[in-house]
Amino acid sequence: MSENAVLLVNLGSPDSTSTADVRRYLKEFLSDDRVLDTWKPLQQFVLNCFILPTRPKRSAEAYQKVWTEEGSPLIVTSKNLQKLLQEKIEPTVELAMRYGSPSIPEAIDRMKANGVKNVFLVPLYPHYAMSSYETVVVKVMEEVAAKAPEMKVTTQQPFYNDPAYIEALYKSAKPYLEDEYDHLLFSYHGIPERHLNKADSSKAHCNVVKDCCTTCSPAHSTCYKHQCVKTTELFVKRAGIPEGKWSISFQSRLGREPWLTPYTDHVLEELPEKGKKKLVVMTPAFVSDCLETLEEIAMEGKEEFLEAGGEKFTAVPCMNEHPAWIQFMADKSLEWLAAR
């Protein structure tokens, strides 16, 4: 039995498409102080009085559109990733979700019971954000401290600019870029603008310095927007996409406060007016297809674009189980083993 293990952690999903299960999932997700990061009593007031009474039913209907016979697309794909990675490396590969099942505490209990002493934690997010990457790392470290303080955890850093990641992203997307298209839109998951300022420890760069995303700064190590811009620039260069044929937008906003712009739904409505009738959309913030990519982009986004006058809409699948992505994960795991 190996003393080493790789722990993959993704976002999570409801256990089913029932309103009750979706409500339970949303309550856990939106009670995270790094997601709804406001005064706790206010957070819970907004959650219980405004969000949970209505949103679970709407979200359950959306999940029903993408649910498969095996279950949640995100969970199914993540389990396939776990299996395929396990075939390539010797250490045990564990899988957990930040919210829902399989849970992080359960994964740590299993590793402890199996005598695991060294863990390679891989948050399945290429980019740093307090509401995704950071909350995974914090939750894992809290549970390890409480349940198995003897475990040594090494964390994979955000890999948004790793040449091997860019190559895997390119290889997975390449077949969808071979047909004629007018524009390539990179739609990233949005975050509130204030999260950028909160993540900037200097408080003197993000949204302060002109062209802050492209002006070199230590703040970039925790700046989600910079990292999205960098991934896009590197991909565009690798794929040889000319200037003017691509752009960036942000999706999935919640509430009324300012989020990162431009908003994807607005861009989808505007592109046909600019003569961009044949559109390809990529969602590089996600490594596994999920509600945000399958329903929000491939279904709702397509409908918005076509209703606005678009003619052809192609949604590029996430890397999911692409061999180049599996190999990237295996190489990172083997690098960790070799460095121990």
message = For R24 and E28: C-alpha separation, side-chain torsions, deciding distance, then whether salt bridge (Lys or Arg N to Asp or Glu O under 4.0 Å) applies.
response = CA-CA 6 Å; R24 188 179 307 112; E28 181 184 3; over 6 Å; no

task = Kindly indicate, with the supporting measurements, whether the criterion side chain to side chain donor-acceptor pair (under 3.5 Å) is fulfilled by Q43 and T38.
result = CA-CA 6 Å; Q43 175 205 74; T38 188; over 6 Å; no

task = Take D21 and R23, measure what side chain to side chain contact (heavy atoms under 4.5 Å, CB included) needs, and give me the verdict at the end.
result = CA-CA 5 Å; D21 279 345; R23 180 181 291 109; over 6 Å; no

message = Working note: V22 + R55, criterion side chain to side chain contact (heavy atoms under 4.5 Å, CB included); need CA distance, chi angles, decisive distance, verdict.
response = CA-CA 9 Å; V22 174; R55 190 176 180 88; over 6 Å; no

request  = Go through the steps to decide whether N48 and K27 satisfy the test side chain to side chain donor-acceptor pair (under 3.5 Å), and finish with yes or no.
outcome  = CA-CA 8 Å; N48 289 294; K27 185 174 180 63; 3.2 Å; yes

request  = Please assess K139 against E142 for the test salt bridge (Lys or Arg N to Asp or Glu O under 4.0 Å), listing each intermediate value before the final yes or no.
outcome  = CA-CA 5 Å; K139 178 64 174 176; E142 286 177 348; 5.2 Å; no

request  = Mind running side chain to side chain donor-acceptor pair (under 3.5 Å) on Q44 and S31 for me, showing each step along the way?
outcome  = CA-CA 7 Å; Q44 290 299 302; S31 292; 3.2 Å; yes

ask   = Taking it one step at a time, do K245 and D182 satisfy salt bridge (Lys or Arg N to Asp or Glu O under 4.0 Å)?
value = CA-CA 7 Å; K245 199 173 181 178; D182 299 324; over 6 Å; no

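Ring pair F186/Y188 is parallel by interplanar angle, where below 30° counts as parallel and above 60° as perpendicular. Ring orientation note: the planes of Y224 and H127 are nearly perpendicular, at an angle over 60° on the 30°/60° scale. Ring geometry for F328 against W325 counts as parallel: the plane angle stays under 30°, on a 0 to 90° scale with 60° as the upper cut.
Cation-pi contact between K277 and Y181: absent, since separation from the ring centre below 6.0 Å together with deviation from the ring axis within 45° is not met.
Side chain of T261 to backbone of Y263: no donor-acceptor contact under 3.5 angstrom is found. Using modelled atom types, no side-chain atom of T77 and backbone atom of L74 make a donor-acceptor pair closer than 3.5 Å.
Screening Q64, K57, K65, R58 for a side chain to side chain donor-acceptor pair (under 3.5 Å) involving E61 leaves a single residue, K57.
Pairing each heavy atom of L185 with each of T264, the nearest pair is CD2-CG2, 4.4 Å. Here the closest non-hydrogen pair linking H189 and A285 is N-CB, 3.8 Å. Closest approach of T283 and V316 over heavy atoms only: OG1-O, 4.4 Å.
Here F50 and F45 bring their ring centres to under 6.0 angstrom of each other. Ring to ring, F29 and Y99 are close: their centroids are under 6.0 angstrom apart.
Using a 4.0 Å cut-off between charged nitrogen and carboxylate oxygen, D32 and R98 count as a salt-bridge pair. Look at K332 and D162 and you find a salt bridge, because one of the NZ, NE, NH1 or NH2 atoms lies within 4.0 Å of a carboxylate O, short of that distance. Using a 4.0 Å cut-off between charged side-chain N and carboxylate O, E150 and K117 make no salt bridge.
When the shell of 6.0 Å around CD of E70 is examined, it contains more than 12 heavy atoms from other residues, nucleotides or ligands.
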